[in-house]
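Structure provided below as structure tokens; questions to follow.
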Amino acid sequence: MAENLINPENLVYKKTDVLTDRIMHYCPGCGHGTAHRILAEVIDEMGIQNETIGVAPVGCSVLAYYYFNVDMQEAAHGRAPAVATGIKRVFPEKFVFTYQGDGDLAAIGTAETIHACNRGENILVVFVNNGIYGMTGGQMAPTTLVGMKSSTSPFGRDTKTMGAPLKITELIAQLPGTYFVTRQSVHKPGNVRKAKKAIRKAMEYQKLNKGTCFVEIVANCPSNWKMTPVQSNKWMEENMFPFYPLGDIKVPEEK
Amino acid sequence: MAKRGDVVIDIEKCKGCEVCISACPQEVLALAPQVNNKGYHYAIKVNSDCTGCANCAIVCPDAVITVYREK
Amino acid sequence: MKELRLMKGNEALAEAAIRVGADAYFGYPITPQSEVIEYLMANRPEDRTGMVVLQAESEIAAINMVYGAAGCGKKAITTSSSPGISLKQEGLSYIAGAELPCVVANVVRGGPGLGTIQPSQSDYFQSVKGGGHGDYKLIVLAPNSVQEIVDYTKLAFELAFKYRNPVMIQSDGIIGQMMEKVELFEQMPRVEPDYEWATIGRKEGKPATFVTSLQLKAEEQEKVNLRLQAKYREIEKNEVLYEEYDCKDAEYLLAAFGSCARITRKAMELARKKGYKVGLLRPQTLYPFPVDAFNKIAYQVKGILTVEMNAGQMVEDVRLAVNGKTKVEHFGRFGGMIPNPDEILNALEQKIIGG
Ligand SMILES: Cc1ncc(C[n+]2csc(CCOP(=O)(O)OP(=O)(O)O)c2C)c(N)n1
Ligand code: SF4
Ligand code: SF4
Ligand code: SF4
Ligand SMILES: [Mg+2]
């Protein structure tokens with residue numbers, strides 16, 4: 001048997017202290033947890049824990065302030081970008097982020113999202129797109145795929161009466177106020193690493209006052225998709241990614 | 001030869017989602033037949049082939065896994 | 001240095017906000033209060049004091065920007081008029097629930113709906129009874145002059161921070177648009193917040209701070225409500241403001257607030273000329289309401305007439321206050337109409353003196 005490797009000098013990975021020790025209330029395998037963790041790791045690695053103010057949405061991640069060990073405010077449903085604007089305008093030197101689901105960001109908060117991005121507020125928007133209203137029990141979201149079943153589209157989303165899924169990230173990328181817009185996922189190690197790099201980049205740009213950075217994370221909702229976590233990740237690859245392709249959508253021109 | 005590694009699993013925080021299991025290239029992990037205090041089957045090591053690649057920890061939504069690797 | 005100026009109510013409010021050391025104004029244009037943001041934009045408070053002024057995409061966004069800034073312990077203010085104030089109710093409920101300090105001014109216009117841009121007092125219920133969801137209260141100040149607009153802007157911030165509660169300044173198109181001489185207070189400094197409840201960046205070695213109005217457990221939410229109610233009782237004990245005119249020997253009482261109290265005072269003078277012993281009680285705080293003052297005078301007078309630019313709103317609070325001790329009637333013009341002193345006197349004779 002190998003000698004004991006478990007000692008501090010061999011440590012390669014442990015939970016960041018920017019996450020609290022509270023057990024997250026998310027369902028098993030839910031992407032929210034991983035999305036939280038990489039954002040917290042970036043804050044840790046940049047040494048900006050005490051200069052960061054986050055805004056939690058209404059959605060499954062409404063209690064995000066229990067898990068991030070940074071100062072946070074809980075916004076009304078959809079209003080996180082306005083709340084973040086208020087924070088950033090009075091504290092321009094702080095790092096400000098919103099963390100929002102697709103219902104929060106792309107339905108009830110569409111106006112706040114578009115206008116914060118259009119003004120180029122120097123904030124990071126983390127957009128967790130699971131194509132569903134997770135918190136309220138699986139109703140149709142603006143991002144729900146065509147034909148996808150939800151509790152309010154029990155026969156599948158019908159574009160004739162329900163409209164087509166909204167690619168808000170592509171829309172956001174059109175706005176002059178956004179500097180860096182990308183779509184990532186956190187279901188596999190390689191994807192997690194890429195998503196984390198994107199968040200890191202976004203925070204670095206915020207330091208340089210470049211404008212709004214927008215990181216979409218296409219995520220699973222195993223509970224409301226009614227699948228196991230591992231199945232849900234596979235379903236996401238096969239169904240979500242073709243419509244919401246991963247990769248950068250707007251990148252700054254490197255000079 | 002690959003470096004040797006090891007993982008420590010905080011079993012009370014584990015929710016048994018199996019995402020780590022499918023991410024491990026060495027097939028080191030599996031779910032325990034037992035459950036933790038929350039009633040979840042938790043992840044355990046089933047062999048000593050771990051290379052300390054940290055893939056499991058990186059995909060774990062609940063930050064359950066700590067990874068070590070020989071220097 | 002103190003300074004005398006001839007100013008419109010709305011402009012005076014904007015100037016007072018700069019001078020009180022406000023950190024941020026967020027607003028959306030609507031008649032009859034757009035002069036507030038126009039004055040601010042033209043006066044470059046960012047150069048004078050570093051105050052931020054931003055035109056938001058809606059009243060909803062504006063009040064939520066206020067939430068964000070207030071959550072950082074900063075002095076934040078927004079202004080609007082009735083339809084816009086309706087949109088702010090969500091934010092106000094959240095601000096009250098999260099116990100943040102802020103100032104909101106409503107330059108009331110006639111409703112319901114898009115209504116009219118003419119002055120009105122028909123938002124009394126909305127301001128005083130909590131227009132948004134949940135058991136909460138705004139402190140509501142009702143200025144009746146441009147001078148009071150200035151004074152109450154300062155007072156509003158003091159009260160907002162003293163109680164960590166939103167404060168509403170409720171005026172209307174008359175006060176907002178009227179030009180009067182005002183004495184402005186000296187420029188006060190903006191202060192760097194250091195409150196333990198505010199998100200100003202985590203302090204090393206301490207747990208992070210969060211601002212929220214959410215409590216998932218009923219027992220916890222009840223505790224929040226009990227704390228809020230205790231705070232409201234304190235406010236009711238300490239912060240009531242009202243003025244009495246000729247009440248000493250009064251046999252009849254007129255009650256009115258804001259712009260309407262100015263007209264009602266004229267009516268009172270007409271009544272006195274006619275030989276009626278009439279007084280006027282003018283609540284300056286609509287919440288907390290001068291319950292004791294009305295209760296006391298109820299023993300003395302034969303009847304009370306409230307005069308309001310609405311269909312009868314404050315009258316309900318006067319009735320609650322006097323609790324049947326004397327007759328209480330209402331006279332109102334509404335939908336943007338302003339009562340004149342003669343018709344008020346007439347109503348007093350019909351409903352109270354003769355009735
Ligand atoms: C004004 C308002 N309307 C509706 C709700 C109910 N509600 C809570 S969360 C939610 C949807 C959340 O979905 P999403 O933003 O996609 O987040 P997820 O839970 O999927 O992460 C809704 C409709 C609310 N809290 N407030
Ligand atoms: S309901 Fe869906 S989004 Fe919400 S925690 Fe559960 S899996 Fe995650
Ligand atoms: S990914 Fe984490 S929570 Fe899920 S089974 Fe593995 S260790 Fe447990
Ligand atoms: S560190 Fe790598 S090899 Fe070891 S258990 Fe985790 S995924 Fe498997
Ligand atoms: Mg969602």
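Because the structure is predicted, anything quoted here is derived from the model rather than measured.
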(message) Working note: B/V19 + A/H187, criterion side-chain contact (heavy atoms from CB on, under 4.5 Å); need CA distance, chi angles, decisive distance, verdict.
(response) CA-CA 8 Å; B/V19 172; A/H187 68 305; over 6 Å; no
(request) Give the minimum heavy-atom separation between B/K15 and A/M24, together with the two atoms involved. (result)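 Between these two residues, the closest heavy atoms are NZ-O, 2.7 Å.
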(request) Drop me the distance from A/L5's CG to B/R69's CZ, to the nearest 0.5 angstrom. (result)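 Those atoms lie 11.0 Å apart.
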(message) Can you give me the closest heavy-atom contact between B/P61 and A/C30, atom names plus distance?
(response)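 Looks like CB-O, 3.4 Å.
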(message) Please check if the number of heavy atoms outside A/E204 that lie under 6.0 Å from its CD is greater than 12.
(response)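 Buried by this count: over 12 neighbours within 6.0 Å.
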(request) Would you give the length of the straight line joining atom OH of A/Y13 to atom SG of B/C60, rounded to the nearest 0.5 angstrom? (result)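 Nearest 0.5 Å value for the OH-SG distance: 8.5 Å.
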(message) Checking B/E18 against A/Q231 for the side-chain contact (heavy atoms from CB on, under 4.5 Å) test, could you report, in this order, the C-alpha distance in whole Å, the side-chain angles of both residues, the deciding distance, and whether it holds?
(response) CA-CA 10 Å; B/E18 302 185 82; A/Q231 280 171 343; over 6 Å; no
(request) Drop me the distance from A/Y67's OH to B/D62's CG, to the nearest 0.5 angstrom. (result)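 Reported value, rounded in 0.5 Å steps: 9.5 Å.
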(message) As an exercise, state the distance from CG of A/N4 to CG of B/D6, rounded to the nearest 0.5 Å.
(response)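 A/N4 atom CG to B/D6 atom CG measures 7.0 Å (nearest 0.5 Å).
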(message) If I measure from the heavy atoms of chain B, does A/N7 come under 4.5 Å with its side chain, its backbone, both, or neither?
(response)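 A/N7 touches chain B through backbone heavy atoms alone.
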(request) Would you indicate whether the side-chain heavy atoms of B/K13 and A/K15 approach each other to under 4.5 Å? (result)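 When only atoms from C-beta onward are counted, B/K13 and A/K15 do touch, with a gap below 4.5 Å.
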(message) Counting neighbours of NZ on A/K234 that are heavy atoms of other residues, nucleotides or ligands and sit closer than 6.0 Å, is the number greater than 12?
(response)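 No.
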(message) Measuring from atom CD of B/E70 to atom CD of A/E9, what distance do you get when rounded to the nearest 0.5 angstrom?
(response)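 Result: 12.0 Å between the selected atoms.
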(message) Between A/K188 and B/V59 (side chain of the first, backbone of the second, donor and acceptor by atom type, cut-off under 3.5 Å), is there such a pair?
(response)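 No; zero donor-acceptor contacts below 3.5 Å.
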(message) Any side-chain to backbone donor/acceptor pair from A/R37 onto B/I58? Under 3.5 Å, distance only.
(response)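 The answer is yes, because a donor-acceptor pair under 3.5 Å joins these two groups.
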(request) Flag the one option from B/C14, B/A57, B/A54 with the top tally of heavy-atom pairs under 4.5 Å to chain A. (result)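 The candidate making the most pairs under 4.5 Å is B/A57.
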(message) Quick check on B/I65 against chain A: is it the side chain, the backbone, both or neither that has a heavy atom closer than 4.5 Å?
(response)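 Contact with chain A is through the backbone of B/I65 alone.
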